[in-house]
Amino acid sequence: MDFILYEVNGAVGTITINREKALNALNSQVLDELNATLDAVDLNTVRCLILTGAGEKSFVAGADIGEMSTLTKAEGEAFGKKGNDVFRKLETFPIPVIAAVNGFALGGGCEISMSCDIRICSDNAVFGQPEVGLGITPGFGGTQRLARLVSPGMAKQLIYTARNIKAAEAYRIGLVNQVVSAEVNEAGEVVTSAKDALMAAANKMAAGIAQQAPIAVRNCKKAINEGLQVDMDKAIVIEEKLFGDCFETEDQKAGMGNFLEKDKEKKLKVVPFQNK
Ligand code: DAK
């Protein structure tokens, strides 16, 4: 792999898009490598993923404009499909994916963060969909996911004006769950950089998810994602089925057993994920 780093620490896997010189812009090779990395994640041991960009400045500054500029219609369609397939794989990945947004998240960068379950960002993060300024529409799901995540009106304003927004505004409109700042000491010196503080926060959140019952967490992701696509009557049936699916699993027996046994720590006994 030239452009993707993958590291596993306990039950948390971290994928880093590692093309810092081009601000981690997504070219075909990055998309292929990301796809292969996701396919290789060991779902028996990894319970949460973090997706981030290399360096302090940029998460992903969009699709690679240099590569895109010379595409024919057919090549553009193939590139779009490659991106959409990977983004959808992230969105429907069996375990949760946290985007740790460390700087620019523009165009395809904002879109890939929106394919993740949760976004947390450093306070230097910048989000935007600048595509209309380049003569194209957002092509990796931006028109759809942004409208669902914030509101149709806010999504239309950001997309039509191609205006970038800073971390605080992204938090205010609900695009990100948390904004993380560098830690400074009393003398005003930075003791933990914004990137390190961001990764610590992402790892803490991921570890918190990873210690929950894995089958239940997977089923929650599925229920939320699939339920949002249908009307409430159908959505409730999806939830019912996934709720029922948790019963008779080791997770459910251990989780409820802990409560009934008055286990003071109320910690879920760690059971290996059961492939079903
Ligand atoms: N693509 C390629 N290279 C990029 C890049 C990008 N998106 N963004 C930055 N770089 C490269 C720069 O060219 C520069 O390379 P060198 O000149 O050093 O070789 C290096 O990264 C550093 O960038 P700057 O020198 O520009 O750094 P600054 O700090 O001055 O500015 C910036 C940072 C993020 C404001 C600026 O680089 C910028 O505006 N970048 C472009 C951001 C952007 O417009 N992103 C959206 C791209 S459009 C499709 C599906 C999806 C898409 C399209 C089609 N289909 C379905 C077909 C998606 C489209 C997009 O994402």
Side-chain angles (χ1 to χ4, degrees), residues 2-5 15-35 38 51-92 99-116 119 121-150 155-170 175-176 182 193-195 198:
D2 295 325
F3 296 134
I4 297 287
L5 303 174
I15 297 176
T16 304
I17 298 173
N18 185 30
R19 200 183 167 219
E20 201 177 340
K21 279 190 184 151
L23 304 185
N24 304 318
L26 303 173
N27 61 14
S28 302
Q29 190 179 343
V30 173
L31 292 172
D32 284 337
E33 291 185 9
L34 180 56
N35 190 41
L38 289 172
L51 178 70
T52 193
E56 302 266 340
K57 182 173 171 179
S58 181
F59 171 67
V60 170
D64 189 305
I65 300 174
E67 181 177 319
M68 277 192 302
S69 65
T70 56
L71 297 183
T72 61
K73 278 192 186 199
E75 288 166 342
E77 206 176 312
F79 180 68
K81 177 160 170 37
K82 198 184 281 264
N84 278 324
D85 288 351
V86 181
F87 284 30
R88 192 76 182 121
K89 189 173 279 190
L90 272 174
E91 189 166 43
T92 59
V101 179
N102 54 308
F104 292 112
L106 302 176
C110 186
E111 289 169 307
I112 199 170
S113 81
M114 292 190 291
S115 302
C116 298
R119 283 149 295 287
C121 71
S122 49
D123 57 9
N124 66 328
V126 175
F127 294 82
Q129 296 291 160
E131 285 86 348
V132 295
L134 295 165
I136 55 177
T137 65
F140 289 151
T143 56
Q144 302 310 307
R145 295 195 180 95
L146 189 58
R148 284 167 171 77
L149 261 175
V150 293
K156 285 175 176 174
Q157 183 184 336
L158 291 175
I159 290 170
Y160 298 168
T161 62
R163 186 172 70 87
N164 292 343
I165 56 171
K166 293 186 178 166
E169 189 171 355
L175 181 54
V176 297
S193 71
K195 173 77 187 281
L198 171 68

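For clarity, every value in this text was computed on a predicted model and none was experimentally measured. Counting starts at 1 for both ligands and their atoms, in listed order.
- Note that CG of L106 and CD of E131 are 9.0 Å apart. Values are rounded to the nearest 0.5 Å.
- Residues N124 and S122 bring a donor and an acceptor atom of their side chains to less than 3.5 Å of each other.
- Using a 4.0 Å heavy-atom criterion, the residues that approach ligand 1 are K21, A22, L23, A25, K57, A61, G62, A63, D64, I65, M68, G76, G80, F104, L106, G107, G108, P130, E131, L134, I136, G139, F140.
- Residues E33 and R19 are not paired through a salt bridge, judged by the lack of any N-O separation under 4.0 Å between the basic side chain and the carboxylate.
- The residues R88 and E91 are annotated as salt-bridged, a charged nitrogen and a carboxylate oxygen being separated by less than 4.0 angstrom.
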Determine, stepwise, if the pair T52 / N102 fulfils side chain to side chain donor-acceptor pair (under 3.5 Å).
-> CA-CA 7 Å; T52 193; N102 54 308; 3.2 Å; yes
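- Judged as a side-chain hydrogen bond (donor to acceptor under 3.5 Å, both in side chains), and not counting sequence neighbours, the contacts of N35 are K89.
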